[in-house]
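Structure first, commentary second.
Proteins come first, then strands; the chains are lettered A, B, ... in the order of their sequence lines, and each starts at number 1.
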Amino acid sequence: MAIKDYIRERFFPHMWCPGCGHGMVLNGLLRAIETLGMSKNEIVMVSGIGCSSRISGYVDFHTLHTIHGRALAFATGVKMSRPELNLIVPMGDGDALSIGGNHFIHACRRNIAMTAIVMNNRIYGMTGGQFSPLTGYGAMATTAPYRNIDHGFDIVQLAMAAGATYVARTTTYHVKQMTEILRDAIIHEGFSVVEIMSQCPTYFGRKNKIGDAPEMLEWFKNTTTPIGSKAKQEDPSLIERGVFVQKELPEYCSEYAKVVERAMKGRS
Amino acid sequence: MSDNVKFLQGNEACVEAALYSGMDFFAGYPITPSTEIAEQMAIRLPRIGGTYLQMEDEIASLCAIIGASLTGHKVMTATSGPGFSLMQEALGYAVMAEIPCVIVNVQRGGPSTGNPTHVSQGDVNQARWGTHGDHAIVALTASNHEDLFRVTVEGFNIAETYRTPVILLFDEVVGHMREKLVIPNPGEIPLVERLKTSVKEGIDYHPYLPREDGRLPMSDFGAVHRYNVTGLFHDMWGFPTDNPKIVHGLLRHLVDKIDNNAHKIAMYKDFYVDDADRLLISYGSAARSALHVVENRRSRGERLGLLELQTLWPFPAQIVRERARGMQSVTVVEMNKGQVLEAVKSAVDKPDRVFLANRTDGVLITPTDIRNFLRVIKGKGI
Amino acid sequence: MAKPKLKAHRIARDWCKGCGICIEFCPKKVLELDTEAKAVAARPEDCIVCKLCELRCPDLAIEIETEREGANHE
Amino acid sequence: MERCRMVFSGSGGQGVITAAIILAEAAAIYENLTAVQSQVYGAEARGGATRSDVIIADSTIYFPKVNQPNVLVCLTQEAYAKFSPIIRPGGLLITDRRYVTLMKKVDARQREIPMFETVMDKIGKPIVFNICMLGAVIAMTDIVKPDAIMKVLERRIPENFLEMNRQALHLGIELGYAAKR
């Protein structure tokens, strides 16, 4: 199937700004799904609120556009009631880690098979450029007019500590890596977290004088490096890209199936 | 003694009723005084291949059952005041997206953490207006286990019929009290099952286009029809819109489907109302005390009657108006500052004849309390 | 595997928002913005079919149509 | 029959609430009576004064709480101090000699029964203290037959513990009859 077979073409052009990274995530995600050859009927996409969440409207899967921060909770209900479905949960950084932070760490902890994609543009875009928990110290935002004093999360470290069994980071510049990582994350038997550094030229780029979309991509290229690279040793401020964790641990739905088995045995 | 005769808590009776209704997916978070529901679900559901899910909080619990409802399951969560407060956002989502689900609130004292182990009926208006925006809601209650069982089953039936969240507004006394329950045989109480679409694969399915009878046939997530579900105002395909005509139409549909069927949703019980000259209106555990008083006064020749409400929302205004007509006085017996009292006053012809007998200190209102209130009311010349 | 050969840059003009990403990162500088700020293939003969424009387009507006050298048309 | 309003009180872990439930269940399911059991919950899971109310009648019970019990069982000094003032005049007050020292006179038939001592002496397991107490209560009140209690126990507890419970129940019944005379 061509990637256009996976979208709802009637809603295009989409509502994101020119040069928005979220469109690139959509692009990469569709290609990952295409390489897996999945049927559209076996995919459920659950999203929250914010620019990122609109992604679910554009894909021709079973789509659940929910409330701010709660996408993983809804997705957990879908997955537990139909474990054979593939759950993809794209979220924004504020969505996943501020209002949805608790749901995020608990989904990691359960190791329930679904793919959480954090489209990290370090800003609240839909409400007009307020700082998020990923904005980072010293950055500018409409609610940090004198520079941000909040420190950012490291999504990768957080997900690893919380127990996710597949954790990766990439950027919208590195589209081929993005597609490969998303493909592996989707087929991973457990909770997978993919942080994709995504550009918001409209707010983050402009407010922080990084420039337009191509300049922001250039910035991703220059400020990131493959995990364990020599460049990282020389310049510790570089952000590492790649797969940080990929391990097999008991998955939640399979574990629950064992609970059912034990309960039924105890009965007879 | 056969297995369907049980001596159990109201919370356990609620579990029995939910299982009788075909509920097989429960997500929850422990909170007094509803915890026994979660505990029983954790024991019972795996035995029938159902799912018990303990989430990280009440918000996630309601979100999870909404997700599970979309795949075709009958679903439930249970909580108490503080947890119910947390659920209000997702409750609105279930209203907007028309997701059948049942939410139990075993009421305790509030506001805030309040009085965890003690009874209250303070959440009546929260059930009505806790979530933001215009909407209709269904809230049911009961005063004994037999009724609680029936009301719970009806709660699932209403949720499925109207594709709406249904709130079961029980209270600590009924939830924790133990009495006998004879579980009805299968089929004794009719069950409403999920109405599934008959639209075949490849043909345009409109998830939000009501049939002529107002019902919305559903297609399960994972089945052949792929559609969108959102908390935004949406068109008949489920996609967001701000078209004023569609927004208006959807809001009207959400309100009308409940309010226009208020007479069908209304559950209540009359006790000695026909020849009464004074009326008590009560619900939940307070109705037990009210009925005690009514029986006691009847034995002394007084013509006191009781209207026990089981449907609180949509408020059965017509029933209340009819029953109150011609009464010297109407006394609402409840354990809050007069939440149903206000609804009764706006329903009846003579609101100045409506009085409140209440208690709000965490103690079940006693028959003596009610008699004392009635004396005071009588002192007012009525 | 035969090397794919360019047939056409199919660019959905109504989807393109003119962000310039395809232009900036094209290794052969094949693309340009036209007077309406839409991407166009100004020098298609230079295209090496790396498809980076297609892969990176935030608007899913670019498709590189190819034919395989030596292969029959389907 | 006279409506029987009972309050069982003691401390957490004594099995006071379980005993109340067993009695009410026996009445409701095996004696064709109406019974309602409720309890006052505190925040603590163990310890503190616990109280369980049971009403048994041959007609519908509406108000489920007991304001003035005609049977009051107190198994700790604290429970005795707290609840003895609410007993209905002429009611029956049962205490255990080991745990409660009678202080003031109340207008009730006060019976001090050496239940704990007897259980430890004859069975040696404090866990069935509550069932012994239940035996004493049913002997003194004739509210339900021992058979009905045993049927509930059969439903509730593992078979290998049944005999010990039966023994405790009958010990209690003997103590109850003795105290009744």
With a 4.5 angstrom heavy-atom cut-off, could you sort out which part of Glu201(B) is near chain A: side chain, backbone, both or neither?
-> side chain
Within residues 16-24 of chain B, residues adjacent to chain A where the heavy-atom gap is under 4.5 Å | none
Quick one: which of Ile65(B), Asp57(B), Leu70(B), Leu45(B) has the most heavy-atom pairs under 4.5 Å with chain A, could you say?
-> Asp57(B)
Under 6.0 Å from the CG atom of Asp242(B), do we count more than 12 heavy atoms belonging to anything else shown?
-> no
Side chains of His225(B) and His62(A): closer than 4.5 Å at any heavy-atom pair?
-> no
Determine which residues belonging to residues 229-237 of chain B lie within contact range of chain A, meaning some heavy atom pair is under 4.5 Å apart, and list them by number or answer 'none'.
-> Val229(B), Thr230(B), Gly231(B), Leu232(B)
Between Val259(A) and chain B, which part of the residue has a heavy atom less than 4.5 Å away: side chain, backbone, both or neither?
-> both
Reported CG-to-SG distance for the pair Leu72(A) and Cys63(B), which is rounded to 0.5 angstrom | 10.5 Å
Please round to the nearest 0.5 Å and tell me the distance separating atom OH of Tyr58(A) and atom CG of Asn228(B).
-> 11.0 Å
Under 4.5 Å from any heavy atom of chain A - which part of Ala97(B) = neither
Determine the option with the most heavy-atom pairs under 4.5 angstrom with chain B, choosing from Leu85(A), Asp60(A), Asn102(A).
-> Asp60(A)
Relative to chain B, which segment of Lys79(A) carries a heavy atom at a distance below 4.5 Å: side chain, backbone, both, or neither?
-> neither
Ranking Arg82(A), Arg109(A), Met45(A), Glu84(A) by heavy-atom pairs under 4.5 Å to chain B gives rank one to Arg82(A)
Under the 3.5 angstrom rule, does the side chain of Tyr256(A) hit a backbone N or O of Tyr52(B) as a donor-acceptor pair?
-> yes
Among Ala223(B), Gly72(B), Ser219(B), who wins on heavy-atom pairs under 4.5 Å with chain A?
-> Ala223(B)
Got Glu56(B) and Phe104(A) here, is their nearest side-chain heavy-atom distance under 4.5 Å?
-> no
Report the C-alpha distance between His103(A) and Met55(B) in whole Å, list the side-chain angles of each, state the deciding distance to 0.1 Å, and finish with yes or no for side-chain contact (heavy atoms from CB on, under 4.5 Å).
-> CA-CA 9 Å; His103(A) 307 305; Met55(B) 294 301 284; 5.9 Å; no
Distance from Leu53(B) atom CG to Met80(A) atom CE, nearest 0.5 Å?
-> 5.0 Å
Taking all non-hydrogen atoms of both residues, which atom of Gly67(B) and which atom of Ser81(A) are closest, and how far apart?
-> O-OG, 4.5 Å
Pick out which of Asn41(A), Val44(A), Val46(A) makes a side-chain contact (heavy atoms from CB on, under 4.5 Å) with Phe221(B).
-> Val44(A)
Phe74(A) ring center within less than 6.0 Å of Tyr93(B) ring center = yes
In Å, rounded to the nearest 0.5 Å, how long is the span from OG1 of Thr63(A) to CZ of Arg226(B)?
-> 10.0 Å
More than 12 foreign heavy atoms under 6.0 Å from OH of Tyr227(B): is that the case here?
-> yes
Heavy-atom neighbours of Glu248(A) CD exceed 12 at 6.0 Å | no
